[in-house]
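Here is the structure we will look at.
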Amino acid sequence: MLFSEEEHEESAPVRAPDLDPDSFLEGLTADQRTAVSHVDGPLLVLAGPGSGKTRVITRRVARLVALGIPAWQILALTFTNKAAGEMKKRVEEMVPAHVPGRRGLVVSTFHAFCAMFLRRHAVDCGIDPDFVIYDADDQKAAMKSAVAEAGLDAKNFQPSAVHAKVSAAKNQLLDAEAFAAAATDFSARQVAKAYSAYERILQRNKALDFDDLLMRTAQSLERNAQLRAVAAGRYRYVLIDEYQDTNRAQFAIARHIAGEHRNICVVGDPDQSIYRWRGADIRNILDFEESFGGAVTVALGENFRSTEHVVAAADSLIRHNKRRKAKPLYTGLGEGERIRVVRTADEHTEADEVAKAIVSANAAGTPWREMAVLYRMNALSRVVEDALRRRQVPYRIVRGTAFFERKEVKDLIAYLRVVANAADDVACARIVNVPARGIGDSSLAKIERTALMRGMPLLEALRLARDAGVADRTAKRIDEFGAMVRRWRGVLEQGEPDALAAFVEMVLDESGLREFADGADGDDLDQRRANLDEVVNAAGDFELPEDPAGAAPTLLRALQGFLQSVALVADSDAYDADSGAVTLMTLHAAKGLEFELVAMVGCEEGLLPHARAREGGDDIEEERRLCFVGMTRAKRRLLMTYAANRTVRGMRMSSMESEFLREIAEANVEREDLAGGWMSGMDADGVDEPWADEFDAPRGLGSQFPVGCLVKHPLFGVGTVQAILPRGSVTSARVSFRTVGVKTLVLEYAKLVRLQA
């Protein structure tokens with residue numbers, strides 16, 4: 001992105017010689033021509049998926065310049081550097097460098113524009129012109145210090161959760177003072193204290209965070225009439241892409257700049273508004289005609305990306321939403337294939353079906369790079385990754401790392417590595433204070449020096465914490481950590497090989513990592529929980545190969561084999577630089593992309609729509625928009641799958657197809673049931689089996705373990721059955737063990753042995 005730092009004098013438009021404005025209307029549809037030829041006054045362009053909105057925006061900018069409007073009077077805003085760079089490049093290709101008035105065009109992200117604006121007008125905005133911008137890690141560290149400075153308990157007011165509230169407040173244009181004034185309950189008043197402390201830290205460091213860039217710009221334009229007039233005079237034509245994703249601060253910035261001259265063009269689609277959790281306000285686009293009276297509205301409904309069945313199926317789904325602006329969706333690319341909706345027995349057969357479809361498409365000529373697997377939550381990728389690796393399909397994870405590279409997963413793996421190998425200093429250093437135990441960097445450095453001097457592993461040197469000069473209080477916590485690891489090692493050496501999943505879950509629970517994950521905020525909470533549970537599932541899926549030397553299988557060997565398989569994941573991720581790779585990503589990350597073949601996995605109630613969406617009235621509509629976005633990424637082929645049964649935290653649960661699948665017009669769907677004898681999430685009487693009454697008469701395996709009988713578990717030892725719990729296609733038992741207390745186990749996987757007749 002290029003920003004002109006020059007000041008320009010206002011001048012009347014002078015048509016650019018040798019540049020015919022009407023040439024930019026050639027090859028456009030009637031609706032596109034209407035949008036491009038519009039000049040003065042507010043314009044709303046409702047751009048459906050694949051409707052050529054970037055072409056409309058860039059040609060409109062080029063035509064304005066051809067009409068004699070200086071480029072420096074045009075401001076084009078979007079949300080990603082990639083989109084901004086592409087727009088700038090296209091305009092520069094259409095308007096030759098020698099054309100008068102070509103210089104000075106600002107095509108930028110909102111945040112980059114605000115940073116530039118604040119630096120140029122720092123004095124008027126009341127900030128230091130040399131401010132630094134704090135990234136996510138900087139903000140996290142600053143908020144951690146702020147919580148402490150405010151005298152709050154970090155356990156009750158976790159910095160990440162407090163920062164999320166502060167960020168939301170800034171997006172609503174509430175500074176620390178306004179937030180404190182509006183705080184009515186105890187929790188809000190405590191957050192207000194942290195907010196004020198956070199702002200003091202930023203000020204001391206001459207820093208702004210990402211939210212400040214928007215809030216400070218909006219507030220400065222609101223409070224300073226002279227500054228507002230300067231901005232409106234400089235940018236006489238404002239264009240905003242992806243307008244459905246704007247928040248209150250971004251709306252305020254646009255209104256302050258374009259409020260007087262009203263030359264504002266916004267392009268977006270209410271049906272693709274999927275970022276409310278980030279602060280996006282769909283009302284900005286739905287109420288645009290009210291905010292800017294007399295606005296011209298143009299609907300771009302022709303899809304130049306997808307075939308008829310894909311477009312019609314997506315259209316039939318999104319019509320169930322009420323908060324939208326209706327527009328016809330159609331395409332001239334031919335009928336194409338019906339979308340496949342496939343029901344599978346479980347997540348493993350689901351992943352294998354997706355992998356087979358991808359391999360088949362590639363064999364028929366579709367490049368790897370033209371295929372994608374989309375999912376609502378990152379945790380769903382693990383089984384898909386396994387299936388693709390088995391079939392040697394190259395893939396890449398977009399906007400995130402491969403499953404075993406995610407932080408919470410790496411933390412749990414590091415715990416397991418320390419238990420399996422006491423000499424693993426790297427893993428020990430990673431998790432000795434995760435979750436936080438009050439073991440600071442200085443204390444750890446002292447112990448590391450002792451370990452180096454004495455030539456011993458870090459884990460062993462932890463016993464010498466006091467000798468290393470660590471305070472008694474900290475040394476006590478270090479002792480507790482070491483004792484916990486040694487206790488796990490004892491269980492590991494005595495346990496049976498088929499108890500690996502139970503062992504991993506024990507480490508997950510007793511380490512505090514699960515509770516640590518529960519401290520995450522918003523969507524991150526669900527993702528981290530699910531990712532950790534998926535490690536337990538992966539351990540349950542792992543099969544220890546036979547030892548060539550004939551050594552007997554043990555739990556220690558099983559763990560070592562599992563860790564080795566995890567360590568080799570990165571190396572076995574085949575990537576063909578010439579043919580590309582299949583893309584795996586969340587539905588949110590897929591926005592704006594397109595592929596020949598798209599597979600959407602996990603189309604089930606509780607996943608898509610997400611279970612949390614049932615808590616709010618508008619949340620279901622946003623989940624439906626998210627499904628719509630995923631479907632419209634497909635050019636030619638769309639595969640949507642769901643599992644009759646899915647493993648959740650080691651427990652096999654029956655699932656129900658997403659209501660969204662039932663809302664798609666049958667004329668556009670080809671349904672397949674590959675689940676065999678598995679029943680759906682509802683039994684024949686309409687009773688949801690996973691929540692069946694726990695006092696139902698035991699059946700199947702449950703009848704072999706009556707309440708009161710003694711049983712033995714390979715990891716937990718001897719216990720007494722307290723209750724039998726029918727759960728859909730599987731049965732669980734609640735068992736009180738003598739050493740570890742009460743555990744609920746799936747009988748099909750628990751390896752329980754009954755000790756008495």
Side-chain angles (χ1 to χ4, degrees), residues 337-363 371-393 395 403 501 530-531 533-543 565 569 572 582 584 587 597-608 627 630 634 637-658 660-662 664 669-683 689-690 700 727-731 746-749:
E337 297 181 18
R338 285 183 171 85
I339 68 173
R340 288 181 63 207
V341 174
V342 179
R343 176 175 179 261
T344 65
D346 56 25
E347 68 271 25
H348 297 286
T349 52
E350 176 187 49
D352 196 54
E353 185 64 24
V354 168
K356 284 195 296 185
I358 288 172
V359 170
S360 175
N362 179 254
M371 294 182 277
V373 182
L374 310 182
Y375 33 79
R376 177 63 176 85
M377 298 178 66
N378 279 314
L380 296 179
S381 76
R382 198 269 301 176
V383 178
V384 176
E385 291 180 57
D386 287 345
L388 294 178
R389 284 198 300 272
R390 283 196 300 271
R391 294 180 180 270
Q392 297 183 322
V393 174
Y395 71 88
F403 180 79
N531 290 340
D533 291 338
E534 197 64 11
V535 178
V536 179
N537 294 340
D541 291 339
F542 176 75
E543 294 182 5
S565 71
V569 164
S572 62
V582 175
L584 275 62
L587 288 162
L597 181 152
V598 168
M600 292 173 57
V601 300
C603 298
E604 300 155 24
E605 290 296 317
L607 292 177
L608 182 67
C627 186
R637 299 179 62 188
L638 175 60
L639 169 64
M640 304 177 75
T641 64
Y642 66 102
N645 293 269
R646 191 173 295 275
T647 304
V648 180
R649 289 193 62 183
M651 181 173 290
R652 206 164 182 77
M653 303 290 289
S654 59
S655 306
M656 184 186 302
E657 70 173 317
S658 169
F660 300 154
L661 295 180
R662 299 191 293 273
I664 298 172
V669 177
E670 176 184 305
R671 297 184 183 272
E672 299 176 53
D673 190 344
L674 306 180
W678 289 107
M679 297 296 292
S680 69
M682 305 295 283
D683 68 12
E689 290 185 355
R727 299 279 177 95
S729 354
V730 297
T731 303
V746 180
L747 290 179
E748 282 78 359
Y749 304 101

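A quick note: this is a predicted structure, and the numbers were derived from the prediction, not measured.
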* Derivation of the side chain to side chain contact (heavy atoms under 4.5 Å, CB included) call for Arg343 and Arg671 -> CA-CA 8 Å; Arg343 176 175 179 261; Arg671 297 184 183 272; over 6 Å; no
* Asked: Rounded to the nearest 0.5 Å, how far apart are CE of Met371 and CG of Leu639?
  -> 12.0 Å
* What's the spacing between Arg391 CZ and Ile358 CD1 if we round to 0.5 Å? -> 10.0 Å
* Would you say Asn537 and Val383 make side-chain contact, with heavy atoms under 4.5 Å? -> no
* Does a side chain donor of either Glu534 or Asn531 reach within less than 3.5 Å of an acceptor in the other side chain? -> no
* What heavy-atom pair brings Val354 and Ala599 nearest, and what distance separates the two atoms? -> CG1-CB, 3.8 Å
* To do: Compare all side-chain heavy atoms of Leu374 with those of Met600 and state whether any distance is below 4.5 angstrom.
  => yes
* **Side-chain heavy atoms of Arg662 within contact of Glu657, under 4.5 Å** => yes
* Measure the spacing between OG1 of Thr641 and CD of Glu350 and express it to the nearest 0.5 Å. => 3.5 Å
* To do: Quick one: do Tyr642 and Ser658 satisfy side chain to side chain contact (heavy atoms under 4.5 Å, CB included)? Show the steps, please.
  => CA-CA 8 Å; Tyr642 66 102; Ser658 169; over 6 Å; no
* To do: Taking all heavy atoms of Ala634 and all of Leu638, pick out the closest pair and write down the distance.
  => CB-CB, 4.0 Å
* Step by step, would you call Arg646 with Leu380 a side chain to side chain contact (heavy atoms under 4.5 Å, CB included)? -> CA-CA 10 Å; Arg646 191 173 295 275; Leu380 296 179; 3.7 Å; yes
* side-chain hydrogen bond (donor to acceptor under 3.5 Å, both in side chains) between Asp352 and Thr349, intermediate numbers included -> CA-CA 5 Å; Asp352 196 54; Thr349 52; over 6 Å; no
* Side chains of Leu584 and Val384: does their closest heavy-atom pair fall under 4.5 Å? -> yes
* To do: Could you walk me through whether Thr647 and Asp346 pass side chain to side chain contact (heavy atoms under 4.5 Å, CB included), step by step?
  => CA-CA 8 Å; Thr647 304; Asp346 56 25; over 6 Å; no
* To do: Would you check if Asp541 and Arg382 make a side-chain contact, meaning some heavy-atom pair closer than 4.5 Å?
  => yes
* Asked: Minimum heavy-atom separation for Leu587 to Gly630, with atom names?
  -> CD2-CA, 3.7 Å
* Mind checking the CD-CZ spacing from Glu337 to Arg637? Nearest 0.5 Å is all I need. => 5.0 Å
* Does the Glu347 side chain pair with the main chain of Ala643, one donor and one acceptor, at a distance under 3.5 Å? -> no
* Asked: Is any side-chain heavy atom of Cys603 closer than 4.5 Å to a side-chain heavy atom of Phe660?
  -> no
* **Sub-4.5 Å side-chain heavy-atom contact between Ile664 and Met640** => yes
* Asked: Is Arg389 close to Tyr395 at the side-chain level, that is, under 4.5 Å between some pair of heavy atoms?
  -> yes
